[in-house]
Number of protein chains: 4
Amino acid sequence: MNNQSATKEKIFQAALSLFNSKGFSGTSMREIAKAAGVNVSTIFYYFDDKKGLLKECFVTFFEEYLNILEKGINQLENADPSIILKDVIHQLLDYQYRNYQLSRFVCREVSIDSQIVRETMTTYFRKERFFLQTLIETGTEAGVFRKVPSGIVVIQLKGMLNQPFLNSIYSAEVWNIYFQERYYIDQYKKQLENWVDLYLCNTKAIPLEEVIS
Amino acid sequence: MNNQSATKEKIFQAALSLFNSKGFSGTSMREIAKAAGVNVSTIFYYFDDKKGLLKECFVTFFEEYLNILEKGINQLENADPSIILKDVIHQLLDYQYRNYQLSRFVCREVSIDSQIVRETMTTYFRKERFFLQTLIETGTEAGVFRKVPSGIVVIQLKGMLNQPFLNSIYSAEVWNIYFQERYYIDQYKKQLENWVDLYLCNTKAIPLEEVIS
Amino acid sequence: MNNQSATKEKIFQAALSLFNSKGFSGTSMREIAKAAGVNVSTIFYYFDDKKGLLKECFVTFFEEYLNILEKGINQLENADPSIILKDVIHQLLDYQYRNYQLSRFVCREVSIDSQIVRETMTTYFRKERFFLQTLIETGTEAGVFRKVPSGIVVIQLKGMLNQPFLNSIYSAEVWNIYFQERYYIDQYKKQLENWVDLYLCNTKAIPLEEVIS
Amino acid sequence: MNNQSATKEKIFQAALSLFNSKGFSGTSMREIAKAAGVNVSTIFYYFDDKKGLLKECFVTFFEEYLNILEKGINQLENADPSIILKDVIHQLLDYQYRNYQLSRFVCREVSIDSQIVRETMTTYFRKERFFLQTLIETGTEAGVFRKVPSGIVVIQLKGMLNQPFLNSIYSAEVWNIYFQERYYIDQYKKQLENWVDLYLCNTKAIPLEEVIS
DNA sequence: AATGAATGAGAGTTCATTCAT
DNA sequence: GATGAATGAACTCTCATTCAT
């Protein structure tokens, strides 16, 4: 993405993968080094300390994440809010699908009450709030969406957006639904579109032709 | 709850609170001992090892959680599935509201790929799947719910149910929504009922009189 | 001395010996553990951290050191200051002779500009100053000592008192003078008594019968 | 001093200052590099390794130090040994005054029992012994000094010479005596001259006109 | 029922040092 | 002449855990 050294990128990917499956605290620097095929010291050379790796994860994730939201907002003037919301949902799911390791990890780690989370996330969350709130409230004002409490609905939406990636193991092992595959993500996306139509706009239901049990 | 010794309960509560805010791996036995006001060895006396504490958290959480689901299923023969689903949602939210520390922690930790999670959770999740799937599919067969892919919808529902507790800090700091307070949980509950009515049953929208911004 | 556990004492002695010869920063916890025949963790169990060991050294050294000075002061009313000063010199040399490792280390480490030195030593040095200044100035007021600038003279005296232990290796290898042996300490003591008589009191020189080259 | 490159000198000064306040082992190459404003590798380029820096300190210090002593010896044939001794004392104090960081550091580090100290210092100390012993014993043979054990007295003298610089912090904070200032060094020098007159030669005391408390 | 002493393994981090450029 | 990338070894310190009491 950025022109970091190849070594730095290698380390970052290794860290990501391990953080994802074992958690931040549950992953040791030595494990990362081994997975990245470098010496432990090299990690410190590039990321200063373990927190540096965490920060990089957060920054990387939110950069594009917020970009997607911002682009959606910028199109609000010319288009139907419900269509834009669907498009944003589409792109966010797609982004998380493409970066499912990062997404899961960030989504989980963010719920831990550490100093670094507070420091790093505050700005991001403020921006995200602005974008989502604008999106919902513009739709309501335009008469496209029902009158809903935006905060509550955003939390609801975020829950739905994250769940597939947060508990992909659960989905896979319990429901045989694999969100690493396009097919299931598309299925999920369709339901969220239904959510917009039925729950938010309260229009007619889209007839479901292909339905998986 | 059960007639454990007061010491054991004290330890469990201390562990819970710390696991909740710092994560399982991020919490040390010493910290727990200090918070509980006992010697480290005492924890081992009661819980065998650190995993024992984790297991206790899972067991405690799912005992009542599954109870709620089971009771719902048992009433399915005599009542409207949509009403039962709403009632189950109501009780699950209420349960998590009463045990928000436990809920948040379990919900987060479950997404970590450790041996102990796999071992402990498999049975619980199988049961949960059976209950939720039955609930949704009975409703569909009875013509009360739209035709929906049950797995996808359950994952969607679970996301919405967990989100308030998983990221309570986010809700509080970013949206000023405090799910430790009845008011906000009731607001949230109302929206999930709307979700059942509008999204699942596709009936008319319930007019919203009281709406928070 | 105090009723610490035998293990703690063992560790302290090992640390002392290593600090003495290799310096504080130059000594590793592992080396100490190995020398003491305990596990590294045990050191932390007793002394919290490495600084804890340093502090213990300072405290141990100055406890008796200041005791000697205090006793001297208490006798000032009834006796000739020059005799008391000689006695104090005698006892200080003797104390350092008995604890030469500790003395050397403390004396050297004290000259390092670290936070812990400042914190720990301030009180001790204030007390020491009070005692030594009182000793010198009482003698001057009594007309026993020449009129001398007390600060300057105390620094001079301290230099003479420490040198044998500070650079015992120098003394041994360069001059074949071994201050671990009574004989040489007694020789040195005699010269310091001469210093009191000739330099401070300016009386006749004591005729030297036994002189080593 | 010598025509080394400016960079080398910059590094040396930075190292000196850090060694002085934190000790040799307590100072890292990175700290030195940072303080000198160069890359770590540059230090290795100029000094080979960390020991190289230490050696340079020793060499630099003793070069002029021994020069002073040698010049004193060379004048012994034509002048009163007591006057020469006083002059040597004067010049040594002055030299240490001008290079107080180096002096303090060398004086302290020399008491550490490391291979490099032994290797580097042996020659210097042998020379120093020869000069000081000759000085004292010539004076004694000439009947100018009392009959004293030269080794003991030299150690005594060295203690007095070093103390002001070894523990300059002690002097400053405890006694408000700042040996970085001419005034106090002159005061101290005067007392060492008294020491020569009264203790070594046993002549009348020099009347003290200006005396600081 | 509960504790203090003690441990081995491993944590994150820093060390002095090298080498290609 | 000077540097940035990379390393292996060692650092201090904390981890979960055991065992005798």
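So that the names make sense, note that chain A is the first sequence line, chain B the second, and so on, each numbered from 1. All values derive from a computational prediction rather than experimental measurement.
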Ranking A:T27 and C:T42 by the position along DNA chain E of their nearest nucleotide, the one closer to 5' is C:T42
_Below the 4.0 Å mark, does F:dA2 have OP1 or OP2 next to a side-chain nitrogen or oxygen of D:N39?_
no
Look at D:S28 and E:dT14 and indicate whether a side-chain polar atom (N or O) is within less than 4.0 Å of OP1 or OP2.
no
task: Report yes or no: is the cationic atom of B:K10 (NZ for Lys, CZ for Arg) under 6.0 Å from the centre of the six-membered ring of B:Y46, at an angle within 45° of the ring normal?
output: no
query: Does NZ or CZ of C:K8 fall inside the cone over C:Y45's six-membered ring, less than 6.0 Å from its centre and within 45° of the axis?
result: no
To the nearest angstrom, how far is [X] atom [atom1] from [N] atom [atom2]?
X: D:I32; N: E:dT14; atom1: CD1; atom2: C1'; answer: 14 Å
X: C:I43; N: F:dC11; atom1: CD1; atom2: P; answer: 12 Å
X: C:K34; N: E:dT7; atom1: NZ; atom2: C1'; answer: 18 Å
X: A:L53; N: E:dG12; atom1: CG; atom2: P; answer: 10 Å
X: C:I116; N: F:dT12; atom1: CD1; atom2: C1'; answer: 14 Å
X: C:E31; N: F:dA9; atom1: CD; atom2: C1'; answer: 14 Å

Counting distance only, does the side-chain N/O of [X] pair as donor-acceptor with the main-chain N or O of [Y] below 3.5 Å?
X: A:K55; Y: A:I116; result: no
X: C:S17; Y: C:Q13; result: no
X: C:R108; Y: D:S111; result: yes

| task | Go through the N and O atoms of the side chain of A:R30 and the base of E:dG12, and report whether any donor-acceptor pair is under 3.5 Å. | result | yes
- request: Tell me, yes or no, whether the heavy-atom count around A:K51 atom NZ, taken from other residues, nucleotides or ligands under 6.0 Å, exceeds 12.
  value: no
| message | Less than 4.5 Å apart, side chain to side chain, heavy atoms only: is that true for A:I11 and A:T7? | response | yes
Annotated structure of DNA chain F as dot-bracket, pair cut-off 3.5 Å, Watson-Crick or G-U only, | for inter-strand, is .||||||||||||||||||||
Note: for C:S25 and A:Y45 on DNA chain F, the residue whose nearest nucleotide lies more 5' is A:Y45
Note to self: What verdict does the side chain to side chain contact (heavy atoms under 4.5 Å, CB included) test give for D:F12 and D:F47, after you've listed the backbone C-alpha separation in whole Å, the side-chain angles of each residue and the deciding distance to 0.1 Å?
What the structure shows: CA-CA 9 Å; D:F12 182 65; D:F47 295 92; 4.2 Å; yes
Any N/O pairs under 3.5 Å between the protein and nucleotides 17-21 of chain F? List them or say none.
from	atom 1	to	atom 2	distance (Å)
F:dT17	OP2	B:K50	N	2.8

Tested for ring pair (Phe, Tyr, Trp, His ring centres under 6.0 Å) against A:Y124, the lone hit among A:F58, A:F62, A:F61 is A:F62
